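Report on one structure; see the data block that follows.
Letters A, B, ... mirror the listed sequences (proteins, then strands); counts begin at 1. All values reported here derive from a predicted model rather than from experimental measurement.
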Protein chains: 2
Amino acid sequence: MIPTIKDVAAHAGFSIATVSRAINAPHTVNPVTLDTVRQSIDALNFRPSQLGRQLRGERTRLIGVILPTLANPVFAECLQGIDELAAAQGYRLMLMTTQYDADRERHAIETLREHRVEGLILTVADADTHPLLDELDRAGLLYVLMHNDTVRRPSVSVDNRLAAFDGVRMLIAHGHRRILMLAGTLAASDRARQRHLGYAQAMQQAGLTPAPPLEVDFNADELSPSVLAHLTSGPNRPTALFCSNDLLAMVVMRGLRRARLQIPHDMSILGFDGLAMGELLSPPLASICAPNREIGCAAWQRLLARVTGTYDTSGETSLTLTLPHSLREGATIAAISNSNEKPPAHASVSVERPFV
Amino acid sequence: MIPTIKDVAAHAGFSIATVSRAINAPHTVNPVTLDTVRQSIDALNFRPSQLGRQLRGERTRLIGVILPTLANPVFAECLQGIDELAAAQGYRLMLMTTQYDADRERHAIETLREHRVEGLILTVADADTHPLLDELDRAGLLYVLMHNDTVRRPSVSVDNRLAAFDGVRMLIAHGHRRILMLAGTLAASDRARQRHLGYAQAMQQAGLTPAPPLEVDFNADELSPSVLAHLTSGPNRPTALFCSNDLLAMVVMRGLRRARLQIPHDMSILGFDGLAMGELLSPPLASICAPNREIGCAAWQRLLARVTGTYDTSGETSLTLTLPHSLREGATIAAISNSNEKPPAHASVSVERPFV
DNA sequence: GTGAAAGCGCTAACAT
DNA sequence: ATGTTAGCGCTTTCAC
């Protein structure tokens, strides 16, 4: 059915070796021969099989990409960066998504290993404690993590703690005192932890009391009554919400609007991710921006440096690469006039009794 | 470096055939032998090479996916549908994006052919006139188009003309008379044409004059002065905009807001795609919804039916599959009281002189 | 400049 | 139940 190099050789009246050379090293074959071979290739519509090629040579020029989901544009943006460089450098991408499921993560890694990918770019829930990554090390399969906040493994990310710290400080600078952090129900990720840490540090530095993250069901149409109660009732209701990612921020904003709250008048919102789409919202979403596309590009470059052996192992190049974050001060944040605020009588009391 | 079946055989003290059987048909080998082999596999951390397997057998269980971009969530949503089924059915996906570039489309197809993908799922700009698709037919490579509006080739899509027709009729039902269609600068796609056709038909049916699509630069931060002039100046300015996709609608909405227009009070907006994200906007974006995820799933199923030969060639199953669209009546559409409108003195005049 | 032949990792007859 | 062997499509010595 599909023509092979043999068919071309027969058609052209040369050996398969000559055909192979005509394809891979045209200058080493007689121009006349070359022409004949090329005509046969065209006539048969022949394309050399990468399978044969890969089996023979040691390189597959295949890179595996494992992402939690594409429903969150964060990962689509990263993938764009990867894809751009991969295409330019003649590599192919094999994509698998996991939906944050450990079984699927394991399966994806197995599958990609079987395809002899030369390396892996991936995002997992928790990099430090992930047994599969140890196995990768053991199997000698090179990988680079994206967005995972760890110093123990090769990774490209922003400093999630510092980024959250900066973002929450900005909220505080706008006069907010009662700031709550919201997280998705799948909050057990390393980056979510780091973001909460940054939040807590910013709060404490300002003499405020951090609260544990409030979990919000991402997929529900409305905010749950208990969450709404947290956000809206009582004199100690928060005036600002730090959402652990932009998609969550958008869901929360919709929930608040449906509960007849005005943004930012009744509640300020700060997201995390810096999705391009956030700027198109009304009001434009304030966010702590990660350079997602660049993270993808950097992960690619790091991986390829290691794959091709260009990697500088002198120790000067560290395992992790931290890209700079930035703050997008969107209109979802309002300033609070401090006169409206009644600070707790004693800071110590406030520390012992979080406002939530 | 990477262990092969030979290494396992040597380690276990059996032949490679036995190892192969232990992997692919465990029940045909002695339980004790099986156990020994499995221990060796674990000890060596062996994974069978798909390259060897694929080369031997005729099936690669590889499907190629070619998409214009992942920056538009439409395609990410489709890909999600595909990925879900592919993973469940043990197929692997090779992804390439083209940025609507013909060279990259050609290159992607070549590359995927070389990898002996069993089929292709793709979205191109214009399916009817696409020479590469003829070449696929010629090469005997199975494919299914997504979102391409053609009856000549295997495809899964909504009825873009009818969908646009329904959407614009809804605008008209809300009292709008001067409705403009906006399209991205890369408007030369089959679906964009069909959508404009539906727009034009709805207008004409209502005795209104359709205008040619107004091109908007997708990537610019602001709407161009000339576009803004079209949209805002004069007594004959449009009261509603039909945007050829949701992303464009969002860009346009931002541009209008920056020009101090209120949505929907000063301008109604209708998008096309039904992006999940649109519902999170404020006001929620009215849109003509395509079931993107389902389109991906259906394309997968069609392709696999053909790949595995399950495809019903009795003629009852048509080349194209049209999935139902739906209207999302978001808050970006306001009703116009007809009394505010001054219809053109003579319909015939109006036909000869479009309002733009 | 070209050809013959080995071998990449694996599966599937066929043989024992 | 297990081993031997041919061969999938290709690249690459090594001859000529």
Side-chain angles (χ1 to χ4, degrees), chain A residues 1-38 40-41 44-62 92 110-118 139, chain B residues 1-38 40-41 44-62 92 110-118 139:
Chain A
M1 182 71 208
I2 296 175
T4 74
I5 198 172
K6 237 184 226 171
D7 300 319
V8 178
H11 186 276
F14 287 94
S15 71
I16 60 169
T18 300
V19 176
S20 177
R21 276 189 289 260
I23 294 168
N24 301 301
H27 54 280
T28 66
V29 355
N30 185 310
V32 184
T33 310
L34 185 59
D35 197 53
T36 316
V37 171
R38 283 188 169 155
S40 297
I41 288 178
L44 298 176
N45 200 9
F46 167 79
R47 292 282 108 198
S49 163
Q50 290 295 337
L51 303 179
R53 239 204 257 263
Q54 288 171 352
L55 193 52
R56 190 58 174 77
E58 57 289 339
R59 312 236 14 215
T60 60
R61 292 182 90 80
L62 223 50
R92 269 76 58 190
E110 298 285 274
T111 302
L112 295 173
R113 270 189 68 195
E114 292 185 354
H115 278 274
R116 300 296 183 257
V117 294
E118 296 184 16
Chain B
M1 183 69 207
I2 295 175
T4 76
I5 198 172
K6 236 186 225 168
D7 300 320
V8 177
H11 186 277
F14 288 94
S15 72
I16 61 168
T18 299
V19 175
S20 178
R21 276 188 292 258
I23 295 168
N24 301 301
H27 54 280
T28 66
V29 359
N30 185 310
V32 184
T33 310
L34 184 58
D35 197 54
T36 315
V37 171
R38 284 188 168 156
S40 298
I41 289 177
L44 298 175
N45 201 8
F46 167 79
R47 293 282 107 198
S49 163
Q50 291 295 336
L51 303 177
R53 241 203 257 263
Q54 287 170 351
L55 192 53
R56 189 57 173 79
E58 57 289 340
R59 314 237 11 218
T60 60
R61 293 182 88 79
L62 224 51
R92 266 78 56 188
E110 297 287 274
T111 302
L112 295 174
R113 270 188 68 195
E114 291 185 356
H115 277 275
R116 299 296 184 257
V117 295
E118 295 184 17

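Between A/Phe46 and A/Ile23 the shortest heavy-atom distance is CE2-CD1, 3.7 Å.
To the nearest 0.5 Å, atom OG1 of residue A/Thr33 and atom CZ of residue A/Arg38 are 11.5 Å apart.
Nucleotide C/dG7 holds its P atom 22 Å from the CG atom of A/Leu51, rounded to whole Å. We find that CD1 of B/Ile16 is positioned 11 Å from C1' of C/dA12, with the value rounded to whole Å. Here C/dG9 presents its P atom at 14 Å from CD of B/Gln50, a figure rounded to the nearest Å. A/His115 has its NE2 atom 14 Å from the C1' atom of C/dG9, to the nearest Å.
Nearest-nucleotide positions on DNA chain D place B/Val29 closer to the 5' end than the other of B/Val29 and B/Arg56. Comparing B/Gly13 and A/Phe46 by the nucleotide of DNA chain D whose heavy atom lies nearest to each, the residue mapping closer to the 5' end is B/Gly13.
For A/Ser15, no side-chain nitrogen or oxygen approaches OP1 or OP2 of C/dT2 to under 4.0 Å.
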Any protein N or O atoms within reach of nucleotides 13-16 of chain C? Criterion: under 3.5 Å, listing atom names and distances.
none

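Without hydrogens or angle criteria, B/Gln50 side chain to A/Arg116 main chain gives no donor-acceptor distance under 3.5 Å. In this structure a side-chain-to-backbone donor-acceptor pair under 3.5 Å is missing from A/Asp35 to A/Val32. Side-chain atoms of B/Glu114 never come within 3.5 Å of backbone atoms of A/Pro48 as a donor-acceptor pair (strictly under, hydrogens ignored).
If you check every strand for non-hydrogen atoms under 4.0 Å, A/Thr18 touches sugar and phosphate atoms only.
Between A/Asn30 and A/Phe14, every side-chain heavy-atom pair lies at or beyond the 4.5 Å cut-off. Two residues are said to be in side-chain contact when any heavy atoms from C-beta on lie closer than 4.5 Å; B/Val37 and B/Val29 fail this criterion.
When the options A/Arg53, A/Glu118, A/Gln54 are evaluated for a side-chain contact (heavy atoms from CB on, under 4.5 Å) with A/Arg61, the one that passes is A/Glu118.
Nucleotides of DNA chain D lying under 4.0 Å from heavy atoms of chain B occupy a range whose first and last members, 5' to 3', are D/dA1 to D/dG9.
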